[in-house]
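Presented below is the structure to which this report refers.
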Amino acid sequence: MGSRTASKDIITLRGSATIVSEFFGYAANSILYNRGIYPEESFTKVKKYGLPMLLTQDEGVKSFISGLTSQLTEWLEAGKLQRVVLVIMSKATSEVLERWNFSIETDAEVVEKGVIKEKIDEEITTGNNVEKGVIKEKSDKEIMREIQAIMRQIASSITYLPCLDEPCVFDVLAYTDKDVAVPFTWMESDAKLIENPQMVKLHSFDTKIHKVDTLVSYKNDDWDEQ
Amino acid sequence: MSSPLMRLRDREWQSPAAQRFIDQGDRFIPTRSMMNLDFAQSSLMRQPRRDGALVDRPEILTPKEEYRRRVEENWTLDSQGKPLKMLVFRGSPRKSHPSVLLVDEILKEEREPTRRFRLLPESADRILDGPELIDDYYLNLMDWGKSNILAVALGRSLYLWNAANAMVQLLLTSDVDDHPTSVAWSVDGKTVAVGFTSSKVEIWDAVALQQVRILEAHSARVGSLSWTWNSMLSSGSRDASIANHDVRSFHHVSSKLKAHTGEVCGLKWSCGGDLLASGGNDNLVHVWESSKMGSSKYLHRFTDHSAAIRALAWCPFQPKTLASGGGTADRCIKIWNAETGKCTNSINTGAQVCALEWNRHQKEILSAHGYNQNRLSLWAYPSLAKITDFTGHTDRILHLSQSPDGSTVVSAAADERICFWKVFQPPPPCSSSSPGLDDEDRLLSLKRMHIR
């Protein structure tokens, strides 16, 4: 470990927030593609996380997701985001069919201490107090591998999720701390829960500052229960 | 199979759709209204000098506050017991668009502070005699048409009272063993449909005062009627069925809906003509889609009332919002979202609810009550906080209808009196006097018709 260049392994709060919100952007795109919410033709392939990822080319969806991620970044940097949920609903009945749940655990210490020095200088001490930002280490590669695993799981989820055989729409919910001022583009909402859902836990990833757990819950298929 | 592009547009209806936002319909409206109201509210609060003005609604919450209050009531804690806020992303603000939605218009008007205060009348503006008005909860005997003529059935006769010049005309008198049980004006105000206890429905030309045709579709009295804009007439009967008629075609019955098990006493088409609400003596409310009238498959069935429902009213400013009121055993006004089929609010009024009318100029709803408080009540929407009561009738108030300009409400009660109330009138502009009922130009002028 000691032989590595230190600056590469350091993740700042801001960097972590960017990684996490970027992940949400790609994850949302991937879910929309894999669940067929928008037609295949409106997506193009890019390489990301060592995987071919699909990104929507539809201007409306694009601007929606970019608006979304920029707000999420802001909240992540402030450590005020607890959870992001992508809800897939039937267009006709607004019935919630699937919830893609991303819970976020933020390292409170990092957020409180605020600014993290980009450069580590372990030796700087003033008096008897050690004055330095909290520094968490984890290599980019490791994080990327974890995200890659989640993305693979999202893509493979179509094998067990029930078919969405009707036109669907999606909503994005954010669970934030109570003291967050509601931005202009957001409004308070109910949880849009699914009654008696099936749940599948997916992999999680951890930047050492933000830990993201992924869970998909979906409508119980009455059909095979009886 | 439609082309992929069409599918995309189809699905975009709710989720982001930058270019197609304007014609997307209603999905984005609540967001805007919430946001704008918040702004309006805060700008109002910052001007305390208005406190001394005519504040006739002190404790009433704006929809935003009401919503917040309710969210906070049902506050949830996360797994660690930490309070949290749930937010939903609604895309980027689209300020550049001209406001074409009615709600925007309403909100714009609401921001003018003068619109928030108005004097409410203490007594009826005008009282007419209504001898022999049948005291029957299940009948709908009065309707005020778009041509500004009030049709009211008194005993065996149907009278037309012209609100512009107070002239009365006798339209019809039925046979001795028969009497009108329901009256409804067509949307254009030129035709009036009359249901009878003998189960027939007559269509009358109100200009020529001539009968146009007779529709037979039921086996018992027809207590409720409702027209849509495209000459479709729906009739509800004591035989528990609802018939849809195309009054222009020879075989007029286009479909029959059988889902109620009691007399259908409330029937209302929504403003857009896409949804039909029916209320029955079986304590049920059904919502039907105009596109799926072929089968007796309803869109929603509301079972929350515990008495007959004859009071039904669609919200004129919020699509797919229905208000319903129950009878003596129920006494509740309930607000429904016909999109989701959920009850969004309910209030026990303490009296039989006979009729409901929405205010088209303010977010308010007026209810008429019978046993045991014979009064009209004005409620704020969506909080359902009571604004005031209007008393004057001495027996149960059975019928309500509002004038074409939405300023005046007429009530007919079992005390055989017909009272006119200027409850919905917007505050008059400073420079001009308020219009009288005998001033037809003013009354029907488009300037005053904020919504339609």
Side-chain angles (χ1 to χ4, degrees), chain A residues 32 36-42 56 58-72 75 80-89 91-95 103 105 166-193, chain B residues 2-21 24 27-28 30-39 64 67-72 74-80 82-95 289 299-300 320 337 339-342:
Chain A
L32 296 181
I37 309 301
Y38 294 93
E40 289 171 33
E41 309 82 64
S42 64
T56 179
D58 182 80
E59 285 306 322
V61 185
K62 245 171 146 174
S63 73
F64 184 91
I65 291 177
S66 68
L68 172 80
T69 48
S70 69
Q71 181 59 57
L72 294 183
W75 278 329
K80 295 199 177 298
L81 192 62
Q82 300 174 10
R83 195 186 295 188
V84 179
V85 184
L86 193 146
V87 183
I88 295 174
M89 295 174 291
K91 186 190 154 190
T93 62
S94 300
E95 188 193 6
S103 336
E105 274 171 48
E166 56 183 319
C168 290
V169 291
F170 77 99
D171 256 341
V172 176
L173 306 180
Y175 291 28
T176 66
D177 287 356
K178 219 181 154 180
D179 56 350
V180 160
V182 182
F184 195 59
T185 46
W186 295 70
M187 63 180 285
E188 284 176 74
S189 165
D190 64 313
K192 295 184 196 287
L193 292 173
Chain B
S2 57
S3 77
L5 188 65
M6 286 308 289
R7 270 198 294 142
L8 169 66
R9 295 165 67 127
D10 226 32
R11 288 165 187 189
E12 268 184 332
W13 182 67
Q14 171 175 356
S15 302
Q19 298 91 344
R20 293 174 37 81
F21 183 70
Q24 295 296 311
R27 192 58 180 82
F28 282 93
T31 321
R32 287 188 169 196
S33 72
M34 296 298 173
M35 292 187 297
N36 289 346
L37 271 170
D38 203 21
F39 171 75
K64 176 80 179 176
Y67 187 78
R68 174 160 296 163
R69 186 184 65 75
R70 244 173 302 132
V71 168
E72 271 166 22
N74 303 322
W75 209 258
T76 45
L77 302 175
D78 69 1
S79 46
Q80 287 106 47
K82 202 173 161 196
L84 56 92
K85 207 175 214 172
M86 269 179 267
L87 303 173
V88 59
F89 186 50
R90 283 291 174 243
S92 43
R94 294 165 171 88
K95 283 184 219 154
E289 279 179 296
L299 178 64
H300 296 297
K320 305 203 171 180
N337 181 343
E339 181 88 52
T340 60
K342 290 201 175 101

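Note on naming: letters A, B, ... go to the chains in the order of the sequence lines (proteins, then strands), and numbering restarts at 1 for each one.
For the pair B/Glu339 and A/Ser94, the tightest heavy-atom approach, listed with the atom from each and the gap, is CG-OG, 4.4 Å. When all heavy atoms are compared, the tightest approach of A/Phe64 to B/Phe89 is O-CE2, 3.1 Å.
Counting heavy atoms from C-beta outward, B/Leu87 and A/Thr176 have side chains that approach closer than 4.5 Å.
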